[in-house]
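Data block below; observations after.
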Amino acid sequence: MPKSLLLRGGRVLDPSTGIDGFFDLLIDDAQVRHVGRDLQAGDAVVIELARGLVVCPGFIDMHVHLREPGQEHKETVATGAAAAIAGGFTAVACMPNTDPVNDQAGITEFILKKAAAADKARVYPIGAVSRGSRGEQLADIAELHAAGVVALSDDGKPVASALLMRRALEYAGMFRMPVIDHCEEPTLKGEGVAHEGYHASLLGLKGIPAAAEEIMVARDVTLAGLTGGTLHIAHMSVEGSLRAVREGKDRGVRVTCEVTPHHVVLTDEALDGYDTNFKMNPPLREARHREALLGGLGDGTVDAIATDHAPHHYDEKGVEFDRAPFGIVGLETAVPLALDRLVHAGVVSMPRLVQLMSINPARILGVAGGTLAPGSPADLTILAPDLDTTVDPARFLSKSRNTPFGGWSLRGAVAATIVGGRILYAHSAFPALAAAKVARA
Amino acid sequence: MSAPSNLDRAESVGRPLREEPRPATRLRARHLLGIADLSAEEILLILDTAEAMKEIGARPIKKVPTLRGRTVVNLFFEPSTRTRTSFEIAEKRLSADTLGIAVGTSSVVKGETLADTALNLEAMAPDMIVIRHGSSGAPHLLSRICRSRIINAGDGMHEHPTQALLDAFTIRAHKGRIAGLKIAIVGDLLHSRVLRSNVLLLKRLGADVWVCGPPTLMLPGIEQFGVHATTSIDEALADADVVMMLRIQLERMQGGFFPSLREYFNVFGLTAERARRAKADAIIMHPGPMNRGVEIASDVADGPYSVILEQVANGVAVRMAVLYLLEGSVA
C-alpha cells in the first residue's frame, strides 16, 4: 500500500502559512511534504478534488467529554474519537470529569491507550485542576503533564475558590499549560436550569443570570493578570464575559476564549416545549448575548469554536426538564452549523473559520497541527462548503443522540478527514476519497 | 357561524380587546397544558360551558352520564387538597371512572421515572390523565409520550390553568366581564404558577393587570409580560376591581428572599385598611392555601368582599367544563 497521497485541484487554505489558492498538496510518510502547483505524483495515490472543496489544516475540538472511564453508556474514547472524525475533527481535547476524574497519571495513560487503540482522531487529555475536581487541593500536575495532559480544568465543577484558581494559574505556568475554566459563580447559579429572563420566567424554570458567568470571567482574567498564568475561558455565553476578556487582552493578560456552535446559533426561545436537548450549561441565552458572541467571532475577541460535546443517554435526557443533565453532543454537527450559520451567513470568513477551529485551538493547547507547513503532521480537514447536510442523529457515530439539531438542513459538510496522512473519513458524495487507501507511516 | 379564529397569540396578549370575542365551538388542542395554548375564544367557551356545569351542581342529584365508561387517572406528585378533590368531584359528577395515584403509594418511590410511570398507566388505557407535578413542563413530557389526554393540574412554577379559569369564572360572575378591569395580583410572583396562568388569561381577555411583590420575588423579564409591575401595594390596589393575593410559599423560602414574615406582612400583607384603596365593590381572591397573617389578614380573608370560598366552589364547575370539552365532546 502506498504511503503517499497527492490531493489535486482543491482550494488549499492555511492562514498559518498564508496559503489560499488552488494548489496540489502532497502527503508523504504522515507529513505534509509540499503545497504547490503541478506536483509530481510519483508513487502517491492521486485524488482529484472538485474545485469547490477546501483543504484546511485539521480541525481541533478543544472541549469534548468522552465519558471514559466510568460512563461508557454515554460515550467511550473510541466512539467519541470516531464521532470526531465523522465531524471533521482530526483531534479533540477531552475534559477530566470522568469517573474517576482524570486527576492522576494512571487515568491519563488509560485514556491515551484507548485513543491509540481506537486509531481515529488524536485525543489530548485535559487534567483536573484539583484532586477529584473537588476544588480543594491541586492535583498532581507535574505527573499529569508528564503523562500527556495538555491543559488543566475542573470543567463542570467550576473552581469556586479564587485562591485555588490563583495557585493553579501560577503552578500550571511552570509547564506552559493553560488553565481552562468553566466560569460560573455557584451561589448565583443555584439550582438554575435556564437563562434568567423572560422565557425562563414564562416557562417557570429557575434562572441562571448572565452575571453568574461574567463575575467569574472577570475574576479569572484578574487572576491571570496577577499571576502571569495562561487562562482559557470555556464556552462563553454572555456579552459581559466578552467585555472582560477583551479588556484583559487589551492590557496584555494571557487569556483566550471559546464559544460553542449552539450558543451562537440558538437562543432561550427554543426552550418552549421543554425539550431537554436544549438544556445545557451555560444555558442558551437571550438574543442580545447571541448577537454579542457573533460580534466577538467577527472582531477577533473569540479565539476558538469548541463544541462542549456532552453525550448523555436518552434515559438520562428523557426526564423532567429540571432533572435532566446539562449538555448536548456537538462533534457531528459543528462543521455544518459553522459553515451554514457563520460562513455563509457572512459572520466570519473561511480563513477566520480555519483560525477558530484549527490554528487557534492548536496554539492554545500547544499541540501539533493547525498548519499545513511542510514537515507538519498530515492532519487535514476537507470541507465541502456547498454540500447540503440534513442532520440525522440516527446516523451519528457518537453513542448518544442528544442533539437539538436533528432534522436541520444546513449548507456545508465535511468532505473528508485525514489524520497522519490516512483518510479516516470520507463523505459518501466523494467516492474517490472514500476509496483511497494509504498505509500508515 | 365561522370557525373559531386562531387569534394571534402576541396580539391577544399585548392589546386589550375592544369587545369580548365570541366563544369558540370547540377546543383545538387535545390536552390542557396551559393557558398559553388557549385563544380568547376557547377561554370563553370553557367559561360558558362551566356556567351550565354549575347548574348540575345545584341539583339534588348531581350527576350526568356524559363521561360514563371513561377512565380518568389523577396523578398527583405533590400534596394537594383543593385541586385534587375538585377534580375528583368534577369527574364523578360527569360519571367518569376515576382513580387517584399519590406518589407515596406508587412506584416512584422505588425510583421509577415519570415516563415509565406514565407508560405503565397508559398500558391500562385511561382516557385522561390529570397531573400535578413539581417540575415545570412535566405535563408536556407526558403529552409527548401518551395517547391519553393530559390535563395540567399545576406543574412546578409554570402553569395552573384550571385555577386561572376558575378565577376568571369567579371574576366574571361578579363583574360580568374581564376586559377593562384593573386586577392587582400581590405576593410571591416568582414561584407562582397561579400568577403565570392568570396573567396569560387575564391579558388575553383584555384586563389591566398589575403585579406587586418584593423585588426579590419579581419575575425576571416581567416587562415583557405586558403587565404593570410595582413594589408598592398601595399603587397596585388603587381603584382595583379585583385583588388577588398569592401565597407566600414558605417551603421555598430558604433563599432568604425577604427578611422575615413579620416584615413581609408589614410591607405586602393585605389589611382591611389597605383593601379600602381598591374600589368599593372590589372582590378579594386567594387561590389557597392561605397563610393567615402573612399575605392576608384574617379579617380580610373572612370579610364581606372575600370570594375565596366561591373560587373553590367554582373550581368544580370549571373542571367539569374542561373534562367535558376535552373528552366528552368527541364521540
Side-chain angles (χ1 to χ4, degrees), chain A residues 73 185-214 238 267-279 283-289 312-326 402 404 406, chain B residues 9 13 33-37 77 108 111-119 131 133-145 152 154-160 189-197 199-200 203 211 217-227 229 252 254-257:
Chain A
H73 64 291
E185 205 289 313
T187 64
L188 281 176
K189 189 242 177 190
E191 294 174 342
V193 296
H195 173 63
E196 181 178 295
Y198 172 68
H199 290 285
S201 288
L202 197 58
L203 295 169
L205 297 173
K206 287 193 177 154
I208 304 174
E213 177 179 308
E214 183 183 343
V238 301
T267 65
D268 59 350
E269 262 183 79
L271 299 178
D272 191 19
Y274 300 95
D275 182 344
T276 58
N277 284 329
F278 292 93
K279 179 179 176 181
L284 296 175
R285 302 291 186 179
E286 62 200 30
R288 75 182 173 90
H289 292 299
H312 291 294
H313 195 270
Y314 74 87
D315 281 346
E316 297 159 323
K317 276 290 198 181
V319 298
E320 300 88 321
F321 194 90
D322 54 358
R323 297 182 62 181
F326 291 104
N402 51 313
Chain B
R9 189 191 291 187
V13 168
L33 301 180
I35 298 296
D37 302 328
F77 291 87
V108 175
E112 191 175 56
T113 65
L114 174 61
D116 279 338
T117 301
L119 289 172
I131 178 175
H133 197 285
S135 292
S136 301
H140 302 68
L141 176 62
L142 253 57
S143 75
R144 280 197 296 272
I145 58 178
N152 182 358
D155 63 324
M157 310 188 301
H158 175 230
E159 279 221 47
H160 191 353
L189 308 171
L190 182 63
H191 299 106
S192 178
R193 52 194 174 213
V194 175
L195 171 87
R196 286 165 176 83
S197 287
V199 164
L200 290 169
K203 289 298 298 175
V211 300
L217 291 170
M218 192 59 79
L219 262 62
I222 189 70
E223 61 284 352
Q224 285 170 264
F225 280 82
V227 298
R252 298 190 210 259
Q254 307 92 329
F257 290 95

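Throughout, protein chains are lettered first and strands after them, A, B, ... in sequence-line order, and every chain is numbered starting at 1.
For the ring-ring contact (aromatic ring centres under 6.0 Å, His included) test, no residue two or more places apart in sequence or in another chain qualifies with Phe321(A).
Residues Ser201(A) and Pro220(B) share a closest heavy-atom pair of OG-O, 2.5 Å. In terms of heavy atoms, Leu141(B) sits closest to Val319(A) at CD2-C, 3.8 Å. The two residues Gly318(A) and Ala115(B) make their nearest non-hydrogen contact at O-CB, 4.2 Å.
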Kindly indicate, with the supporting measurements, whether the criterion side-chain contact (heavy atoms from CB on, under 4.5 Å) is fulfilled by Ser135(B) and Asp322(A).
CA-CA 6 Å; Ser135(B) 292; Asp322(A) 54 358; 2.6 Å; yes
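Using bins of under 30°, 30° to 60° and over 60° for the plane-to-plane angle, the ring pair Tyr274(A)/His140(B) lands in the tilted bin.
Crowding of Glu223(B) atom CD: a count of heavy atoms from other residues, nucleotides or ligands under 6.0 Å exceeding 12.
Leu203(A) contributes atom CG, which lies 9.5 Å from atom CD of Glu159(B) (distance to the nearest 0.5 angstrom). Note that the CD atom of Glu320(A) and the CG atom of Asp155(B) stand 11.0 Å from one another [nearest 0.5 Å]. Going from atom CZ of Arg144(B) over to atom CG of Asp275(A) covers 6.0 Å, rounded to the nearest 0.5 Å.
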